[in-house]
Amino acid sequence: MAPRLLILFTLVAAAFADDVLQLGDADFDTKVGSYDTVLVMFYAPWCGHCKRLKPEFEKAATSLKTNDPLVILAKVDCTEDGKDTCGKYGVSGYPTLKIFRGGDLSSDYNGPREANGIVKYMRSQVGPASKELNSIEVAEAFLSAPEVSVLFFGDDSKLKDAFLKAADKLRETVRFGHSVKAEINEKYGYDNVVVLIRPKHLENKFEETSVVYEGPNDKSAIETFVKDNFHGLVGHRTQDSAQDFGSPLVVAYYNVDYVKNVKGTNYWRNRVLKVAQNFREFNYAVSNKDDFQHELNEFGLDFVPGDKPVICARDSKSQKFIMKEDFSMETFEAFLTKLKAGELEPYVKSEPIPDQDGPVAVAVAKNFDELVTNSDKDVMIEFYAPWCGHCKKLAPTYEELGTAMKDEAVEIVKMDATANDVPSSFNVRGFPTLFWKPKGGEPVPYNGGRELDDFIPYIAKEASSELNGWDRKGNPKKTEL
C-alpha cells in the first residue's frame, strides 16, 4: 500500500474509533449516566469475536452520533481498567453488549452484529417509532438517509393511527416518519397516504422509486404492504436482512459495496433488474460475495474471481441451482427460462459414494435416498462433523450398535453433515444429531442416551417389526439350544 494511502486509511480508521467512548472503572458511571441511551461493548483485546465486531461497532457509532435522539456507543476493556465494571454487570463472555438508559442497565443487546444492523436496532430503541417531520428541513434530512423510508403524509386520523401501530411493530427493521404539515405534504405531492420511498442509491428505471399504499386503514395490511415492497424487485441482501428473502430466491453474488462503489454496484444490479422484471415468479437479491462466502461454499464455490456476478438460486423446495456460464443478460435470461421450466439439474453437495465395508453404513448426499429415505428397513442415522469431540466419543458405541443390528431389519447409518447436503426434513443444528427413520415413515429426532444400553431398548420398542434378538422391552431373547 502506498504511504499516502496508508496514512489516509489510518486517519479514517482512527476517526471511526474516536466515535466509540473508551470507558473504565473510574468514569463508567459518570459518562454513561450523562447520556439517555448508551450501547456498551464489554470486551477482551485477545478475543477473536471482539476483533471481528470492533470495526462494525465503530462504523455504527459514527452513523449514530448524528441520530436524533442521540445514541452513544462505548466499550470497556474487561482485562484492564474495566475489571470491576465488568464484574458488576455479570460479564462472563466476550463480547457482551448491554443497553443503558440514563445510567442504569436497561437490557442485554440481542440485535445484529454488523454496522447497519446495529444502527437500525439502536435507532428502534430510542424515541417514537415514527419520527415527526415538523419542517421541510427535517423532512429533507430524513429522506436523504441511504435507507428505505415509510412515511405518512396528511391529517387522516384513522389512517395515521393504523400507520403508527404498524410502525411500532416494525420499528426494529424499518424507518418510519410522518408529517401533518401542509407545506411538507405539498412539497412532496402526497396527501393522506402511506408511501414507501427508496433511497437514491437504489433508484432504477425498472421500478418506481416510491410506492403508495392503497389498502384499508388497517395495521396488518400496512405491515404486509411494507414487507412486500421494502426490498423492491432486486433487493440489497446483507447479513442483517438475509432472513427477509424467502425461496424461490435468485442471488447475484459479486463485489456489492454501497459505501465505496455505488456506481459499480448498480452497474451489475441494473442488469439483473432488466432481466428479472420478466421473471417475477422468483425473488431476487444482490449480495456481497465476501459476506456470504459460507453460502457460496454450500453451492460448491470456494472462490469467486473477477468482477462479474455469480448467480445461485434455490427453488421453493430449497433445491440449489448454479448458473455455470459467465454472467451476461443473455446467459442470465437463459438460466431463468430453464429454472422456470424445471429443466435445470439441481446442485447437490456430496462426497463420492463409498464402499460399505463396516457395521455402520456411510451415507452421502448421492446415496441418501437409497440408504435412508427409501430404505426397506428402519434406519437410525447420525449426522456428525469430523472435528466434533462428542461425535468422536460416540463413534465406538455407534460401531457396537451397528454390529448388534447386523442381523436385524434395522440399518445403522452415519453421514458427515459438513461435506454433504442434508435433506430439509432432517433438522440438523448441532453435532452429533441422531434421527430414527421408520420404514415408510417420517424422521423423528432421537434424544435418548448415547450408550448401547440406551439405543437397543429404544430401537426394540420403535422397530416396525419385532427384533430377532430382543423383545419389545429390549430384553435379549433366549437362544434355543
Side-chain angles (χ1 to χ4, degrees), residues 143 146-150 173-174 189 193-215 221 224-238 241-258 261-289 292 295-296 299 304 306-344 346:
L143 286 169
E147 298 177 52
V148 175
S149 301
V150 181
T173 55
V174 182
V193 295
V194 173
V195 58
L196 181 147
I197 301 177
R198 300 191 176 96
K200 188 172 183 60
H201 72 274
L202 293 180
E203 292 178 2
N204 62 84
K205 62 182 181 181
F206 305 104
E207 58 186 345
E208 296 296 328
T209 298
S210 58
V211 186
V212 174
Y213 172 71
E214 297 178 343
T224 300
F225 162 79
V226 173
K227 291 176 182 177
D228 287 348
N229 292 281
F230 189 83
H231 292 291
L233 177 56
V234 178
H236 177 202
R237 181 171 172 268
T238 65
S241 66
Q243 70 278 358
D244 295 349
F245 295 82
S247 297
L249 176 63
V250 180
V251 181
Y253 297 92
Y254 60 103
N255 292 314
V256 175
D257 189 341
Y258 276 114
N261 189 15
V262 175
K263 185 176 180 180
T265 298
N266 279 336
Y267 175 85
W268 294 113
R269 179 173 178 260
N270 286 336
R271 280 152 179 75
V272 174
L273 275 159
K274 187 171 184 178
V275 179
Q277 65 178 332
N278 298 318
F279 295 86
R280 292 180 179 264
E281 52 271 87
F282 303 114
N283 299 315
Y284 298 90
V286 295
S287 288
N288 183 282
K289 63 183 182 181
F292 286 90
E295 284 189 357
L296 291 168
F299 285 85
V304 177
D307 296 327
K308 289 185 177 182
V310 168
I311 303 296
C312 299
R314 288 182 184 267
D315 66 10
S316 57
K317 299 177 182 178
S318 287
Q319 294 185 107
K320 296 182 289 188
F321 302 87
I322 305 168
M323 191 176 90
K324 299 177 181 178
E325 298 79 13
D326 283 349
F327 180 87
S328 69
M329 286 188 287
E330 292 74 22
T331 57
F332 186 40
E333 182 176 5
F335 172 79
L336 292 179
T337 300
K338 291 180 180 179
L339 182 63
K340 178 179 177 180
E343 296 174 356
L344 294 175

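Count residues from 1 along the sequence.
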Set of side-chain hydrogen bond (donor to acceptor under 3.5 Å, both in side chains) partners for Asn288, sequence neighbours left out: none
Partners passing salt bridge (Lys or Arg N to Asp or Glu O under 4.0 Å) against Glu281 (at least two apart in sequence or in another chain): Lys340
Spacing of OG belonging to Ser247 relative to CG belonging to Asp315, to within rounding of 0.5 Å: 7.5 Å
Distance in Å, Thr337 OG1 paired with Phe332 CZ, rounded so as to fall on 0.5 Å steps: 10.0 Å
Pairing residues for Thr265 by the side-chain hydrogen bond (donor to acceptor under 3.5 Å, both in side chains) criterion, not counting sequence neighbours: none
Closest non-hydrogen atom pair, Lys289 against Leu296: O-CD1, 3.6 Å
CD1 on Ile311 to CG on Asp326, rounded to 0.5 Å: 11.5 Å
Partner set under side-chain hydrogen bond (donor to acceptor under 3.5 Å, both in side chains) for Thr209, not counting sequence neighbours: none
Close side-chain approach of Val174 to Val148, heavy-atom, < 4.5 Å: no
Straight-line distance of Ser316 OG to Leu249 CG, nearest 0.5 Å: 12.0 Å
All side-chain hydrogen bond (donor to acceptor under 3.5 Å, both in side chains) counterparts of Ser210, not counting sequence neighbours: Tyr190
Row check, Tyr267 ring normal vs Arg269 NZ/CZ: under 6.0 Å, within 45°: no
Lys320 atom NZ, over 12 foreign heavy atoms within 6.0 Å: yes
Side chain to side chain donor-acceptor pair (under 3.5 Å) partners of residues 249-258, not counting sequence neighbours, each pair once: Tyr253-Glu295, Tyr258-Asn266
